[in-house]
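The structure displayed is predicted, hence computed values, not measured ones.
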Amino acid sequence: MNIYEIFANRRSGHHLFLSWLVSNINGVEDTVTKDLKKISWLPNNSCHFNDPAHHSFFDKAQVDKDINEILDKKPNNFFINYEEGNINDVSIKNNNTVKIIFLRDFLNTFASKWKASSGNMGGVYFGFLEEKHILENIGYWKINARSYLSGDIARLKYEDLINNKKIREQFLNENFNKKEIFNPNMLNGTHSSFNTSNFNHRYKEVDFSEMFKNIVLEDKELNELISALGYNKIELILN
């Protein structure tokens, strides 16, 4: 049994990544994980558990029971998707567990969250009118950014998933000994916050508040992480 723990931020395109990963590991096109069911059984005796941290908030005992029942069934592949989870706090104890970080650039991730919080996603809400929620969501991104930069982990950026076939293939080969059978254009994620297909500049379609801009520009660690990851400096975009 192979266990894959995937860590990503909400609204980062990570369900498209998850579908791509599942499809290429299983060798069968994934059409299920985008539906956001708690537990989904997939082809080739594989299973996907969607966001156990979220479900644990309501009933941790049930989540533990669910996971143990899945482990008892010994799926060939067990994919566990953590949204906003801390990679250092959660883990299934198994010698064949692979932890994976998927990261999208800060501003486009937050553009999607901002768009969703304004009511465009049918009730999804990230609370960007309040400073505490802005800081909380920035903290989630920084956790994954730090984990990505640690280097000792399977990792892929959204930008490379979409635009760089060579890096995608290298990611699959080096971490899972797999070839790319399905490319991202062949697959679907969850419903987008946007109606356009311009994935790289969605922040231009959002009117961030001055409070948000000030918090971001004054966060020294955030700006250092953005630079270390090779993304454009935030002050060149927000100012």
Side-chain angles (χ1 to χ4, degrees), residues 3-26 29-40 42 46-55 77-87 89-90 97-117 121 124 126 136-150 153-164 167-168 171-172 175-176 180 182-194 197 199-200 202-203 225-226 229 231:
I3 299 175
Y4 306 94
E5 294 183 320
I6 300 99
F7 298 82
N9 297 112
R10 288 188 173 92
R11 310 309 308 160
S12 65
H14 75 283
H15 278 96
L16 174 61
F17 165 71
L18 182 65
S19 183
W20 174 80
L21 181 71
V22 167
S23 297
N24 285 295
I25 286 178
N26 275 344
E29 180 179 353
D30 166 55
T31 60
V32 174
T33 57
K34 65 180 178 59
D35 296 332
L36 305 184
K37 293 180 181 178
K38 181 181 179 183
I39 299 170
S40 299
L42 311 169
S46 294
C47 186
H48 170 238
F49 198 115
N50 185 58
D51 202 2
H54 168 76
H55 295 293
N77 297 303
F78 186 14
F79 302 91
I80 308 172
N81 172 43
Y82 295 94
E83 299 186 14
E84 319 285 33
N86 189 333
I87 197 168
D89 292 342
V90 292
T97 298
V98 178
K99 291 187 176 185
I100 304 158
I101 285 284
F102 179 73
L103 189 72
R104 189 174 188 175
D105 76 286
F106 174 82
L107 208 53
N108 279 310
T109 298
F110 273 70
S112 185
K113 286 189 173 190
W114 194 280
K115 191 90 166 178
S117 72
M121 292 294 293
V124 177
F126 295 98
E136 181 181 47
N137 278 274
I138 289 174
Y140 291 144
W141 191 89
K142 290 197 292 188
I143 286 171
N144 280 344
R146 287 193 293 264
S147 296
Y148 189 100
L149 288 168
S150 71
I153 190 170
R155 56 185 183 169
L156 189 67
K157 292 179 181 177
Y158 173 88
E159 298 76 27
D160 291 328
L161 173 69
I162 298 298
N163 298 317
N164 198 318
I167 291 180
R168 295 198 310 262
F171 170 83
L172 287 173
N175 294 294
F176 315 106
E180 185 181 56
F182 302 93
N183 68 57
N185 293 328
M186 303 166 66
L187 305 165
N188 293 307
T190 56
H191 178 63
S192 174
S193 306
F194 295 84
S197 59
F199 302 114
N200 296 320
R202 286 184 164 169
Y203 61 85
L225 288 169
I226 288 170
L229 286 158
Y231 292 125

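- Nearest heavy-atom pair across Ala145 and Leu229 is CB-CD1, 3.8 Å.
- Of all heavy-atom pairs between Ala8 and His14, the closest is CB-CB, 3.4 Å.
- A cation-pi arrangement is absent between Lys113 and Tyr140, since the terminal nitrogen or guanidinium carbon is not both under 6.0 Å from the aromatic centre and inside a 45° cone about the axis.
- Looking at Ile162 and Leu16, their side chains come closer than 4.5 Å, going by heavy atoms from C-beta outward.
- A distance of 13.5 Å separates CD1 of Ile100 from CZ of Arg155, quoted to the nearest 0.5 Å.
- Within the model, atoms CZ of Phe110 and CG of Asp105 stand 11.0 Å from one another, a figure rounded to the nearest 0.5 Å.
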- Query: Given the rule in the side chain to side chain contact (heavy atoms under 4.5 Å, CB included) test, do Ile143 and Phe7 qualify, once you have shown the distances and angles that lead to the verdict?
  - Reply: CA-CA 10 Å; Ile143 286 171; Phe7 298 82; over 6 Å; no

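- Using cut-offs of 30° and 60° on the angle between ring planes, the pair Phe176 and Tyr4 is perpendicular.
- We find the CD1-CG distance between Ile25 and Asp30 to be 11.5 Å, quoted to the nearest 0.5 Å.
- When atom types are taken as modelled, the side chain of Asn24 and the backbone of Phe182 share a donor-acceptor pair closer than 3.5 angstrom.
- Here the two rings, on Tyr148 and Phe102, have centers that are 6.0 Å apart or farther.
- Considering all non-hydrogen atoms of both residues, Lys99 and Ile153 come closest at O-CG1, 3.2 Å.
- With rounding to the nearest 0.5 angstrom, the CD atom of Glu159 is 7.5 Å from the CG atom of Asn108.
- The distance from atom NZ of Lys142 to atom CZ of Phe106, rounded to the nearest 0.5 Å, is 9.0 Å.
- For Asp160 (side chain) and Leu156 (main-chain N/O), no donor-acceptor pair under 3.5 Å exists by modelled atom type.
- In this structure, the separation between CG on Leu103 and CG on Leu161 is 12.5 Å, given to the nearest 0.5 Å.
- Remark: side-chain polar atoms of Asn183 are paired, donor with acceptor, to backbone N or O of Asn185 under 3.5 angstrom.
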